[in-house]
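Each chain gets a letter, A, B and so on, in the order its sequence line appears, and its residues count up from 1.
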Protein chains: 2
Amino acid sequence: MAAAASRDTRNRIVQAATELFWEKGYASTSIAEILGRAEVNSGSLYYFFPGKQDLLIAVLKSYRDGIGPMLLEPVWAGIDDPIERIFALLAKYRELIVITDCLYGCPIGSLALELHEPDPAVRTVIAENFSAWSGAIRDCLQQARGRLAREVDPSSLAEFTLAVMEGGVMLARTYRDVAYFDRCVAQLRDHYHQWTGGKT
Amino acid sequence: MAAAASRDTRNRIVQAATELFWEKGYASTSIAEILGRAEVNSGSLYYFFPGKQDLLIAVLKSYRDGIGPMLLEPVWAGIDDPIERIFALLAKYRELIVITDCLYGCPIGSLALELHEPDPAVRTVIAENFSAWSGAIRDCLQQARGRLAREVDPSSLAEFTLAVMEGGVMLARTYRDVAYFDRCVAQLRDHYHQWTGGKT
DNA sequence: GTCTATACCCTGATAGAC
DNA sequence: GTCTATCAGGGTATAGAC
């Protein structure tokens with residue numbers, strides 16, 4: 001069926017671009033490399049996407065839409081405690097760092113810093129990715145509000161958690177040592193303890 | 001004098017590269033642009049540097065060597081309290097975010113995430129930059145150790161401070177809103193309060 | 001040390017047959 | 001929708017005179 005085949009082609013292109021942008025960055029990835037990995041010809045790519053940047057936007061939207069089903073749901077399966085869920089997510093990043101030999105970089109964070117004057121459309125989808133991530137953390141914190149001191153602002157603490165994750169990933173990658181990430185998470189846990197009275 | 005003139009040429013090249021790598025990133029900056037901004041010809045650049053990456057290393061070393069005299073000393077002039085010095089440094093980043101209309105990105109952090117498989121020489125200088133920055137914070141914390149709870153590890157808290165700065169800058173830039181940085185710093189201040197008993 | 005000219009490759013994107 | 005062939009431009013780096 002033509003429609004199914006073309007959907008598949010499009011997906012292969014987005015998948016190949018996702019991998020390459022993550023491995024090499026946006027500017028350092030060439031269209032030719034994407035074509036090679038996707039096993040697709042130039043004509044097909046430009047049939048689906050007007051240009052490279054539109055492909056980037058498709059990649060970022062697919063990340064955004066995947067945060068729930070591809071990241072959070074697997075990580076949170078079997079974990080009910082909302083605060084535990086937050087640290088389980090951070091443990092997932094630790095795992096990614098370790099299995100990539102400390103080469104792991106958060107794809108969204110890396111693109112956020114690589115793209116210096118991004119088209120508003122690009123910047124917006126990056127922000128949506130961050131909002132989806134920190135929004136999920138905020139929801140956890142709201143579920144745990146019975147355990148949290150009244151003065152805690154869940155949104156603010158959720159954004160802080162995101163910032164620490166991004167910073168910790170950056171350090172672990174730069175030093176090629178997961179211990180930098182671990183120490184950041186340990187500090188963050190101390191910060192949480194302050195608001196839960198140690199009840200985590 | 002030839003030697004002085006050549007030193008000057010080299011400096012102009014490094015200066016132009018510093019600006020452009022910060023404004024556009026490494027991969028997106030062309031040699032031609034660097035030559036144009038430095039008002040130098042191709043022959044001069046390749047007389048001083050074997051290639052683009054060697055120029056990048058020179059830029060990163062100049063950042064590293066400038067952290068004390070160009071960043072910390074001006075920011076810390078007239079401030080004696082070591083904990084206040086840490087937050088004065090963060091306030092400096094806030095200022096940079098504001099005067100760049102939230103376009104500011106930490107040049108080191110951006111390069112750390114942009115370069116995906118950097119030559120060990122490049123990665124090492126980036127790590128040295130981070131170590132110089134967090135080392136200065138650690139020194140502040142050690143000077144303040146009379147006020148800090150015994151269980152605080154100054155190195156760990158200093159790295160955490162760096163991670164929060166980098167993450168906060170990333171968020172402010174992505175959302176084009178300094179409030180994201182401010183909330184991260186406010187959370188960090190609460191974290192410090194925990195270890196100082198509010199004595200900051 | 002600095003100049004100009006240029007080699008040579010790879011880039012993103014297009015054209016037009018099928 | 002997918003194919004091949006290719007364009008026009010810009011990329012890094014070099015050569016050799018001065």
Side-chain angles (χ1 to χ4, degrees), chain A residues 1-60 62 111 114-119 121-122, chain B residues 1-60 62 111 114-119 121-122:
Chain A
M1 201 210 278
S6 87
R7 169 91 54 103
D8 195 64
T9 301
R10 204 195 115 107
N11 285 345
R12 281 213 314 284
I13 294 168
V14 172
Q15 178 61 28
T18 300
E19 294 170 13
L20 285 162
F21 291 163
W22 177 66
E23 291 169 19
K24 316 187 47 178
Y26 176 71
S28 299
T29 295
S30 72
I31 299 279
E33 283 173 298
I34 296 169
L35 297 175
R37 184 165 309 197
E39 297 182 278
V40 155
N41 295 100
S42 165
S44 296
L45 190 151
Y46 285 99
Y47 171 79
F48 289 108
F49 303 99
K52 190 182 180 186
Q53 185 180 279
D54 305 271
L55 177 51
L56 170 64
I57 291 173
V59 167
L60 288 167
S62 114
L111 289 168
E114 182 192 341
L115 305 166
H116 281 62
E117 293 178 26
D119 209 68
V122 176
Chain B
M1 203 210 277
S6 85
R7 168 90 56 105
D8 194 62
T9 301
R10 204 195 114 107
N11 285 344
R12 281 213 314 284
I13 295 168
V14 173
Q15 178 62 29
T18 299
E19 295 170 12
L20 284 161
F21 292 163
W22 177 67
E23 292 169 18
K24 318 187 45 177
Y26 176 71
S28 300
T29 295
S30 71
I31 300 280
E33 283 174 297
I34 296 169
L35 298 175
R37 184 165 309 196
E39 296 182 281
V40 156
N41 295 99
S42 164
S44 296
L45 190 151
Y46 286 98
Y47 171 79
F48 289 108
F49 303 99
K52 190 182 179 186
Q53 184 178 281
D54 305 272
L55 177 51
L56 170 63
I57 291 173
V59 167
L60 288 167
S62 114
L111 288 168
E114 182 191 341
L115 306 166
H116 282 62
E117 291 178 26
D119 209 68
V122 176

query: Do you know the tightest heavy-atom contact between A/I13 and A/I34?
result: O-CG2, 4.1 Å

- prompt: Counting any heavy atom closer than 4.0 Å, what does B/S28 reach on the DNA or RNA strands: base, sugar-phosphate only, or nothing?
  reply: nothing

- prompt: Charged N to carboxylate O below 4.0 Å: is that the case for B/E33 and B/K24?
  reply: yes

query: Does B/Y26 have B/K52 sitting over its ring (NZ/CZ under 6.0 Å from centre, angle to axis within 45°)?
result: yes

field: Phosphate-side-chain proximity, A/N41 and D/dT2, N/O vs OP1/OP2 below 4.0 Å
entry: no

- request: Rounded off to whole Å, could you give me the CD1-to-C1' distance for the B/I31 and D/dT14 pair?
  value: 13 Å

message: If you compare every side-chain N and O of B/S30 against the phosphate oxygens of D/dG11 (OP1, OP2), does one of them come in below 4.0 Å?
response: yes

- prompt: In whole angstroms, how far is the C1' atom of C/dT2 from the CZ atom of B/R7?
  reply: 18 Å

query: Taking for each residue the nucleotide of DNA chain C bearing the nearest heavy atom, is the 5' side occupied by A/S42 or by A/E33?
result: A/E33

Name of the residue among B/V14, B/I57, B/I31 meeting side-chain contact (heavy atoms from CB on, under 4.5 Å) with B/F49: B/V14

- prompt: OP1 or OP2 of C/dC3 sitting under 4.0 Å from any side-chain N/O of B/S44?
  reply: yes

- prompt: Where along residues 45-54 of chain B does a heavy atom fall under 4.0 Å from DNA chain D?
  reply: B/Y46, B/G51, B/K52

- prompt: To the nearest Å, how far apart are B/N11 CG and C/dT2 P?
  reply: 12 Å

statement: note: B/E39, atom CD; C/dT2, atom P; distance rounded to Å ~ 14 Å

task: Specify the separation, in whole Å, of atom CD1 of B/I34 and atom P of D/dG10.
output: 17 Å

query: Do you know the tightest heavy-atom contact between A/E19 and A/R37?
result: OE1-NH1, 2.8 Å

statement: Minimal heavy-atom distance between A/F48 and A/P50, with the atoms involved, is O-CD, 4.2 Å

